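One structure is given below, encoded as structure tokens.
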Amino acid sequence: MKTQEYDKQSEQIIDMLTPKMEVKPSADLRGRILRTAKQQAEQHAEQPRRRTPLYWLGTIASVAAVIAIAITLTLNTPAYAARRYFSEALTVAEDIKTMVMQLSVRTEKDEPIDYIHPSHDFIPATIKVIYDEPMLWSIEKKDGRTVLFNGGNQLYEWLNGGDNGIGWVKYYDGYPNGDLAVFLDPRLLLEAELRTAERNRGTKYATYDNGETVVVSVTTIAQGDFSESEYMLNTSILEANTIREYTFAKATSELLKLRIDFVIDSQPVTVIESEVIRYNEPMSADDLYDEALFESVAFQTADIEGAESSPLACHSADEAAKIILDAMSDWNTEILSTAMCYYRDFMPTLEAKYKGMKVKSVKKAVKSGLYPGRFVECQVILANGEKERLVLALRNDNSSHIWLLDGGL
């Protein structure tokens, strides 16, 4: 089986996609082996034991038979079949030069690229990739959010486009994030599935031969820490119990289609499904995006302002939430310009709604799923007397360790 070497960042993505579950042997496999061993033992018990050398030889032979049976049964498992298909597809994927993948995703068009929710309608999305050094790519939700890397060290992200385009530009280290970003390089997705199948860590497999194609189904459990809260459960591919289906061409082992279902109350709900996957079409960096829309966007830097003097660096997440909410009450821009840097283009709207509010309660911060920060549930009373429940997402995984408001408004 081919062993592929990946750079550090690719290994991080593969590791992120590989479920972290305790290895548990198949109960059915174990039972079959034990039953076979018992039958072997009963057969030897019925045989005369006057010839010691032959008795020991028979015992050795029975042990070897049990081992052989174990190996045979292991090779016949669905996990072993899945490994073969993933390995062959991975070999083919090594020769891909470009890819265009058109998908339907349950999301909101203006939400971040990695936002998925099973209750939302499907939104068309397109992924374009040039497997160069570095890899160039774009992910676009139709009439919504687009993320682009077309070389250099900057990542561009914008909303809507047209005359009202809102955009951000930030330093990019070559490590894409987000659920849709995992599809930028199918090799990494296939490699993660291959490694999971090799370890067989509690993941369930099934294969379906449809003549010219074969479907490999992978059923796995949600990743992340939900011991404190299930708030992020079923909000991303990794943070959900999923059934992932890969359709391969039998003749070429090429990945033709993929579908991902979230399992909600024991029922599968499709959240991502590829409509078209095209490989090796001629493509340049200019083909990744609409230049006219791109030029109409006024991009702003996503750097943190006022980091040196921010009071948000030496507190717990719930304490930081209280500081931010108090600052929103009298609209203290000295604090909010840093804490709400991701909301810069929406500040007038937020000020009109939240200025003058009163903070009723701030609960203890909790961790949920794979989110690197914390979630804080708050109750506020708006200036007009209306009560509102907020679940603020705060993270401090920046170089200054400052708590930033990442979502919840």
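Reckoned from all heavy atoms, side chains included, excluding hydrogens, waters and symmetry mates. In this text, all values refer to a predicted model and were calculated from it rather than measured experimentally.
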For the [atom1] atom of [X] and the [atom2] atom of [Y], what is their distance to the nearest 0.5 Å?
X: Asp95; Y: Glu254; atom1: CG; atom2: CD; result: 10.5 Å
X: Asn150; Y: Ile130; atom1: CG; atom2: CD1; result: 9.5 Å
X: Arg195; Y: Leu190; atom1: CZ; atom2: CG; result: 12.0 Å
X: Met101; Y: Ile272; atom1: CE; atom2: CD1; result: 10.0 Å
X: Thr126; Y: Leu288; atom1: OG1; atom2: CG; result: 12.0 Å
X: Leu258; Y: Glu193; atom1: CG; atom2: CD; result: 10.0 Å

Please tell me if the side chains of [X] and [Y] come closer than 4.5 Å, counting only heavy atoms from C-beta onward.
X: Val380; Y: Met357; result: yes
X: Thr270; Y: Arg259; result: yes
X: Val276; Y: Val100; result: no
X: Phe183; Y: Val129; result: no
X: Val269; Y: Asp261; result: no
X: Val362; Y: Val376; result: yes
X: Leu312; Y: Ile323; result: yes
X: Ile127; Y: Leu184; result: yes

Could you check Ser284 against Asp286 for side chain to side chain donor-acceptor pair (under 3.5 Å), going step by step and ending with a plain yes or no?
CA-CA 5 Å; Ser284 68; Asp286 293 337; 4.6 Å; no
Could you tell me whether Arg106 sits above the aromatic face of Phe262, with NZ or CZ closer than 6.0 angstrom to the six-membered ring centre and within 45 degrees of the axis?
no
Salt bridge flag under 4.0 Å for residues [X] and [Y]:
X: Arg395; Y: Asp406; answer: yes
X: Lys250; Y: Glu212; answer: no
X: Glu111; Y: Arg145; answer: no
X: Lys322; Y: Asp318; answer: no

Ser217 and Thr207: CA distance, side-chain angles, deciding distance, side-chain contact (heavy atoms from CB on, under 4.5 Å) verdict
CA-CA 6 Å; Ser217 175; Thr207 57; over 6 Å; no
Side chains of [X] and [Y]: do they bring a donor and an acceptor to under 3.5 Å?
X: Glu319; Y: Ser316; result: yes
X: Asp326; Y: Ser329; result: no
X: Tyr289; Y: Glu291; result: no
X: Glu157; Y: Thr146; result: no

Mind listing the closest non-hydrogen atom pair of [X] and [Y] along with its distance?
X: Arg187; Y: Tyr131; answer: NH2-CD2, 4.0 Å
X: Lys109; Y: Asp143; answer: CD-O, 3.4 Å
X: Gly408; Y: Tyr343; answer: N-OH, 3.5 Å
X: Glu228; Y: Ala365; answer: OE1-O, 4.4 Å
X: Ile260; Y: Arg244; answer: CG1-CG, 4.1 Å
X: Leu255; Y: Lys257; answer: CD1-O, 3.5 Å

Expected output: side-chain [X] to main-chain [Y] donor-acceptor under 3.5 Å:
X: Thr98; Y: Asn280; result: yes
X: Lys387; Y: Gln379; result: no
X: Ser368; Y: Met232; result: yes
X: Asp290; Y: Leu293; result: yes
X: Asn384; Y: Glu386; result: yes
X: Ser87; Y: Arg83; result: no
X: Asp225; Y: Ser227; result: yes

What's the verdict on side-chain contact (heavy atoms from CB on, under 4.5 Å) for Thr107 and His117, showing C-alpha distance, side-chain angles and the deciding distance?
CA-CA 6 Å; Thr107 184; His117 199 283; over 6 Å; no
Please walk me through it: do Leu392 and Ile324 pass side-chain contact (heavy atoms from CB on, under 4.5 Å)?
CA-CA 10 Å; Leu392 302 181; Ile324 293 172; 5.5 Å; no
Do Lys353 and Glu388 pass the salt bridge (Lys or Arg N to Asp or Glu O under 4.0 Å) test, and can you show the C-alpha distance, the side-chain angles, and the key distance before you say yes or no?
CA-CA 11 Å; Lys353 179 176 182 179; Glu388 185 171 338; 3.4 Å; yes
What do you reckon, is NZ of Lys142 surrounded by more than 12 foreign heavy atoms closer than 6.0 Å?
no
Intermediate values then yes/no, ring-ring contact (aromatic ring centres under 6.0 Å, His included), Phe294 and Phe299
CA-CA 9 Å; Phe294 182 80; Phe299 287 99; 5.1 Å; yes
Between Tyr246 and Phe248, how do the two ring planes meet: parallel, tilted or perpendicular, split at 30° and 60°?
parallel
Give the C-alpha distance, both sets of side-chain angles, the deciding distance and a yes or no for side-chain contact (heavy atoms from CB on, under 4.5 Å) between Tyr85 and Ser253.
CA-CA 7 Å; Tyr85 289 118; Ser253 298; over 6 Å; no
